[in-house]
Amino acid sequence: MEIENNLPKTFEPEASQDRWYDEWMKQKCFKPRPGKQGKTFTVLMPPPNVTGKLHMGHALDATTQDTLVRYKRMKGFETLWIPGTDHAGISTQAVVEKLIWKEEKKNRHDLGREEFLKRIWHWKEQYGSEIVNQQKKMGVSCDWDYSCFTLDDIPNQAVKKFFVMLFNEGLIYQSDYIVNWDPVLQSAISDAEVEHKDVKGFFYHVKYRVKEDPNITLIVATTRPETMFGDTAVAVNPNDERFKDLIGKTAIIPISNREVPIIGDEHVDMEKGTGCLKVTPGHDFNDFEIGKRNSLPIINILNKDGTFNKNAPEIEGLKPKEARAEVERILIELDLLVEKKEHMNSVGHGQRSDEIVEPMVSKQWFLNTTQMAEDAVKAVEEGDMTFFPKGWENTYFAWLKNPKDWCISRQLWWGHQIPVYYCRHCDAKWAAETDPSECVECKGKDFFQDPDVLDTWFSSGLWPLSTLGWPDEQAMKEKGFDRFYPNECLITGFDIIFFWVARMMMMGMKVTGKVPFNHTYIHAIVRDKQGRKMSKSLGNGIDPLDMVKQYGADAMRFTLAAGSGYNRDLNLDPERIEGYRNFVNKLWNAFRFVSPFLEKAQDELPVKSEWHLHDKWILAELNDVAKVMNEAMDVYRFDDASAAIYSFVYDKYCSWYIELSKNILYGTNERDKVIRATMLKYCFKKIVALLHPITPFITEEIWSHLSNGQGLLMTQSYVEYDEELENAEVKELMNKFIDVTTGIRNIRSSVNMKPKDEIDVRIFTDDEKLAKFAYDSRRFLKDLANVKSGTIRNKAQARPKKSASLATSFAEIFVPLEGIIDISEQVNRITKDIEKTKAEYSKVEAKLNNQNFMANAPEAVRVEVNQKAKLAQDKLASLNQILASFQ
RNA sequence: GCGAGGUUAGCUCAGCGGUAGAGUCCUUGGUCGACAUCCAAGUUGUCACAGGUUCAAAUCCUGUACCUCGCACCA
């Protein structure tokens, strides 16, 4: 029979991807639709930066979320996936500033705030949607109508409302405090944005004279001698016998010769350094605390760009590194430097700028998070929000159980300007949700808004609320706030557990009293195949769009899903994507095989009495896969789900079911052909449904050929486990049949037979069911192992002499080839197998002889071990039979 | 310093009390109507190390070594 097939030989992803994405959009498949569960399912996409380009982390985010969302949608939940983008204050401002500098050699101050912001908005309109288009290439099925930008009207309102609320409660306050100052951004940054890196530096021992007693010099140890211009005390431990008497006296700072008090403070560690500490409250976190305790003055010696100011005249205008060298030179000149030795120092760097941050005292806005943090901890402890995998709650707790006030002001222009107003006339200071027209106190018109903007994470923290319309009541109604809040699940990486997850928890609970989401699934960080972080400097980045182009979005997605379980690293090797591309193609070709027979297939399964054993078997196996996949998806084990369907498609459906079907489909019995075609089609529909959440494009493509106008696959029901289809007996029988077939192939291979050499096979078994089934299946054995003829007898019968042979625990297989085969080689094979089987047997035998085992092991285990012993014995007996046949 | 995770086949990883698994790689053999992005057969492991608990340990406990990652400190 000639088969006509105009389907391409390999799956062509690109055309399929665009076509189906457009179709899904056209049919509004991404919009929430009430389903049979009668419940909603909401997922919030971590909003990528508008400056962003899709990287592997995003691709993983997109894959896990889209897989989950498509799954839940098919399960019949009213599913909403909310997309959006983040204004990402610091990085966006930096990107645009750099661009303007490159093109016009102007900085933001040259342009002025208003003009600069106009430029950023312009840039955002032009490039900000790039990442969205890239997400679409990956097939994400979020409801784009919900899409939101953190600087849109509603998020703006949310930020102001929340700010004013907490301001009026006294939780947001302004204070002169020592903060991490990023000299490149010229802004304060939060503790969380500081990364500590080890830097090689020096330890300096410097002489400080004592005014009251010229004979005494104090040796002060420091890593930063240049900051001595900001010293306002020298501190020793009050219990330190060496220096006790000096407390209350006066030290003279080198170079500037300024006089400062010598104080006692418990913070000073007698063991460390020289036991004498220079105190610089303006530029060191610990010293700031010492200063507060001892009412020391603060001297700021740095400009906003990190250079030294006029309070350090000898090094004014220098950068810290140059200043240090200069101070060192002067100290040597004055013979005040006692010692300089190498020292590894961990120094704070700005996360965005990668520049050394300088502790500096300045007026900033802080949010007191003590109570909110406590509530957020409690919510997880009491199970209102659960982490998957659970271990990540430790990271969450570590941050929230030791809350520090959060510095929320940034000296930037791009972001939410702090809604606090100052009256020039009467010194009033107030927070307002809407632009005020007059001073709240004196009704004067001469007031101004605080120039700072809020930390990006302040608006991100309100994201679960603002994306659903809060605080605008009309918008909340339209977007279904009451139905979709709390979200069901948040999916993100562990690096932003405290930046984002913790803050959403705190802020969401503060506003609504309810957690913003019930689950947090923390996925892995994508690394290169050697486990290194992907970075520009290493050049080891893998561009997801390249991969999509090369292998298709489905292959890319399957790879990421298969790598996503409860692991924290995902080491990605492009070869793996290639492997899964092959899988996608395998599926395609399986479909190509089935497709010519679809005409014959009926829509309904035939009555059970017409099911062939193969049919019962494949339906039972398919049912198992459905069970595994449902269970795995529900707990975010995308790896288990992927593995289950992968092995089903390859090892069950293609290798056996399709192969066994050929004889029927190319045979003469028309009724059998119809049944088999129907079964193949039925299974294929289930396979593509099961796979659809992971590989949406090819499955939708194949479905379009199978569906007979049932609509799109993505709107179909997911495959559920069905107890009726369980069939342990059939599975056991098929497995034995597979073992026999494999055994025959094995024998063929061991004697180097060509595939086209036909053979005669003698099978000996006492398993009557198998004997009957194998006999009935003789035409299939011809196809599968080129068996021309053979016999099936019970083990009481005599074995053929000198045959290539093999034994399982339930059958012996002989292929008489006397004269052709190398007997000694066959004897070797069998002997080796005997050794192996003996070893297995002695293991179980030891258990059975162990009285403690028999007394303590559970019944089920004992039965199992007994069975194993019997199987091993049976196999041994068979092997010995075979060995005897060589005599 | 505190905390979390890891160490299983050459590579990438799953398994987390009852006979060591997958993919990939490798070896051998295969062209005829699904697929060479394929098929068949095969090889591959002191489950880091040392103790302990248990009838039974890759799996639980303790310790050691090495690797990752957080957090803190750093005069």
Side-chain angles (χ1 to χ4, degrees), chain A residues 1-5 7 9-11 191 196 203-205 220-224 235 268-269 272-279 284-287 343-347 391-392 394-395 398-399 402 494-495 497-498 525 527 529-533 551 555 562-563 565-573 575-576 578-596 637 639-640 643 646-647 654-655 658-659 662 666 742 745-750 752-756 784-785 839-841 843-844 846-847 850-858 860-862 864-865 868 872:
Chain A
M1 171 174 139
E2 193 62 33
I3 293 171
E4 300 240 342
N5 206 330
L7 296 168
K9 219 169 163 184
T10 53
F11 176 60
D191 293 339
H196 290 270
F203 230 135
Y204 299 85
H205 286 192
V220 172
T222 179
T223 53
R224 302 199 59 190
V268 180
D269 187 335
K272 259 188 196 162
T274 58
C276 279
L277 182 67
K278 65 191 269 303
V279 183
D284 183 285
F285 286 91
N286 285 311
D287 293 4
H343 175 70
M344 281 306 272
N345 215 359
S346 142
V347 179
W392 286 113
N394 291 322
T395 303
W399 179 256
N402 183 21
F494 62 77
D495 48 339
I497 287 178
F498 32 76
I525 297 285
R527 300 174 181 281
K529 68 172 176 177
Q530 292 162 47
R532 300 173 307 176
K533 234 181 185 157
Y551 301 117
Y566 290 171
N567 45 326
R568 63 171 62 198
D569 294 323
L570 198 170
N571 295 351
L572 187 66
D573 183 345
E575 274 182 33
R576 298 190 66 180
E578 190 183 335
Y580 289 121
R581 187 273 314 266
N582 295 350
F583 169 69
V584 168
N585 192 54
K586 179 79 179 175
L587 188 73
W588 177 250
N589 274 291
F591 173 68
R592 282 183 73 224
F593 170 78
V594 172
S595 105
R637 288 303 303 252
D639 52 348
D640 289 347
Y646 182 99
S647 106
C654 289
S655 290
I658 284 185
E659 291 307 324
K662 285 177 179 172
Y666 298 140
T742 307
R745 288 168 172 173
N746 184 333
I747 292 172
R748 298 181 59 105
S749 164
S750 81
N752 294 321
M753 291 186 78
K754 300 281 176 225
K756 51 188 158 200
L784 296 171
E840 268 168 39
Y841 179 67
K843 255 188 201 167
V844 279
K847 283 192 178 179
N850 183 338
Q851 289 190 352
N852 286 325
F853 172 79
M854 296 308 281
N856 292 315
V861 175
R862 289 202 315 272
E864 209 183 315
V865 171
K868 278 173 193 162

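Labels below follow one simple rule: chain letters A, B, ... track the order of the sequence lines, proteins then strands, and each chain is numbered from 1. Excluded from the calculations below are hydrogen atoms, water molecules and symmetry mates; all remaining heavy atoms, backbone and side chain alike, are included.
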Separation of I747(A) atom CD1 from U28(B) atom P, in whole Å? 23 Å
Ignoring backbone atoms, establish whether R637(A) has a side-chain N or O less than 4.0 Å from OP1 or OP2 of G15(B). yes
Base, sugar-phosphate or nothing for F203(A)? Non-hydrogen atoms, less than 4.0 Å. sugar-phosphate
Is the distance from OP1 or OP2 of C38(B) to the nearest side-chain N or O of K9(A) less than 4.0 Å? no
Measure centre to centre between the rings of Y646(A) and Y580(A), then say whether the value is under 6.0 Å. yes
Looking at N567(A), does any N or O in its side chain come under 4.0 Å of the phosphate oxygens OP1/OP2 on C13(B)? no
Provide the closest heavy-atom pair for R637(A) versus G565(A) in the form atom of the first, atom of the second, distance. NE-CA, 3.8 Å
Picking from G18(B), C73(B), C38(B), the nucleotide nearest the side-chain atoms of S346(A) would be C73(B)
Consider the side chain of N852(A), meaning its heavy atoms from C-beta on, and name the nucleotide among A20(B), G33(B), C55(B) that approaches it most closely. C55(B)
Any strand, both distances under 3.5 Å, Watson-Crick or G-U wobble: G1(B) pairs with C71(B)
Watson-Crick or G-U wobble partner for U12(B), using a 3.5 Å limit on both distances? A22(B)
Is any side-chain N or O of K843(A) closer than 4.0 Å to OP1 or OP2 of A20(B)? yes
F853(A), nearest nucleotide to its side chain (from G18(B), A41(B), A72(B)): G18(B)
Checking all strands, does V268(A) fall into the base, sugar-phosphate, or nothing category for heavy-atom contacts under 4.0 angstrom? base
Rounded distance in Å between the C1' positions of C55(B) and C60(B): 16 Å
Tell me what H205(A) touches on the nucleic acid: a base, only sugar-phosphate, or nothing, going by heavy atoms under 4.0 Å. nothing
Is there a side-chain contact between K868(A) and the phosphate of G18(B), meaning an N or O under 4.0 Å from OP1 or OP2? no
Rounded to whole Å, the CG-P distance (D569(A) to U68(B)) equals 11 Å
Closest non-hydrogen atom pair between R581(A) and Y551(A), with its separation: CG-O, 3.4 Å
Nucleotide nearest L277(A) when distance is taken to its side chain, options A75(B), A41(B), C69(B): A75(B)
Are any non-hydrogen side-chain atoms of L784(A) and R745(A) less than 4.5 angstrom apart? yes
Euclidean distance for C1', C47(B) against C71(B) (whole angstrom): 32 Å
Among G30(B), G18(B), A34(B), the nucleotide that comes nearest once only the side chain of K754(A) is considered: G30(B)
If the test is side chain to side chain contact (heavy atoms under 4.5 Å, CB included), which one of V268(A), D284(A), D269(A), V220(A) qualifies with L277(A)? V268(A)
Assert: residue with more 5' nearest nucleotide on RNA chain B, out of D639(A) and P755(A), is D639(A)
With the side chain defined as heavy atoms from C-beta on, I658(A) is closest, among A34(B), A40(B), C55(B), to A34(B)
For a quick test of reading the model: is some side-chain N or O of Y566(A) closer than 4.0 Å to OP1 or OP2 of C13(B)? no
Mind checking F583(A) for me? I need base, sugar-phosphate or nothing, with any heavy atom below 4.0 Å counting as a touch. nothing
Base, sugar-phosphate or nothing for D573(A)? Non-hydrogen atoms, less than 4.0 Å. nothing
Would you kindly give the NZ-to-P distance between K847(A) and G17(B), to the nearest whole Å? 15 Å
Mind checking who C60(B) pairs with, Watson-Crick or G-U wobble, both distances under 3.5 Å? G52(B)
Would you indicate, yes or no, if C13(B) has its OP1 or OP2 atom less than 4.0 angstrom from a side-chain nitrogen or oxygen of N571(A)? yes
Side chain of R745(A), heavy atoms from C-beta onward: which of G30(B), A41(B), C35(B) has the nearest atom to it? A41(B)
Within the 4.0 Å heavy-atom criterion, would you say S750(A) contacts the bases, only the backbone, or no part of the nucleic acid? nothing
Could you tell me how far G21(B) sits from U31(B) if I compare only their C1' atoms? Round to whole Å. 34 Å
Any side-chain N or O of K586(A) under 4.0 Å from OP1/OP2 of C39(B)? yes
Taking the side chain of N345(A) as its heavy atoms from C-beta onward, which of A75(B), C35(B), A41(B) lies nearest to it? A75(B)
In whole angstrom, what separates D640(A)'s CG from A14(B)'s P? 10 Å
Have a look at S647(A) and say if it touches a base, only the backbone sugar-phosphate, or nothing, with a 4.0 Å heavy-atom cut-off. nothing
In whole angstroms, how far is the C1' atom of A75(B) from the CZ atom of F285(A)? 17 Å
Proximity to the side chain of R592(A) - top-ranked nucleotide from C35(B), A14(B), G30(B): C35(B)
Expressed as a whole number of Å, how far does the P atom of U24(B) sit from that of C67(B)? 33 Å
Is N582(A) near enough to C38(B) that one of its side-chain N or O atoms lies under 4.0 angstrom from OP1 or OP2? yes
Under 3.5 Å for both donor-acceptor distances, Watson-Crick or wobble: does G29(B) have a partner, and if so which one? C39(B)
Under 4.0 angstrom, heavy atoms only, what part of the nucleic acid is V844(A) near: base, sugar-phosphate, or nothing? nothing
Looking only at side-chain atoms of F498(A), point me to the closest of G33(B), C71(B), C35(B). C71(B)
Assigned partner base of C66(B), Watson-Crick or wobble definition, under 3.5 Å: G6(B)
Give T223(A) one of three labels, base, sugar-phosphate or nothing, depending on what nucleic acid heavy atoms sit under 4.0 Å from its own. sugar-phosphate
Nearest-Å distance, CZ (R748(A)) to P (A40(B))? 14 Å
Determine the interplanar angle of the F203(A) and H205(A) rings, folded into 0 to 90°, and report it as parallel if under 30°, tilted if 30 to 60°, perpendicular if over 60°. perpendicular
What does A590(A) touch in the nucleic acid at a heavy-atom separation under 4.0 angstrom: a base, only the sugar-phosphate, or nothing? base
Between A22(B) and C61(B) - C1' atom distance, rounded Å: 30 Å
Quick one, K847(A) with R862(A), criterion side chain to side chain contact (heavy atoms under 4.5 Å, CB included). Give me CA distance, side-chain angles, the key distance, then yes/no. CA-CA 9 Å; K847(A) 283 192 178 179; R862(A) 289 202 315 272; over 6 Å; no
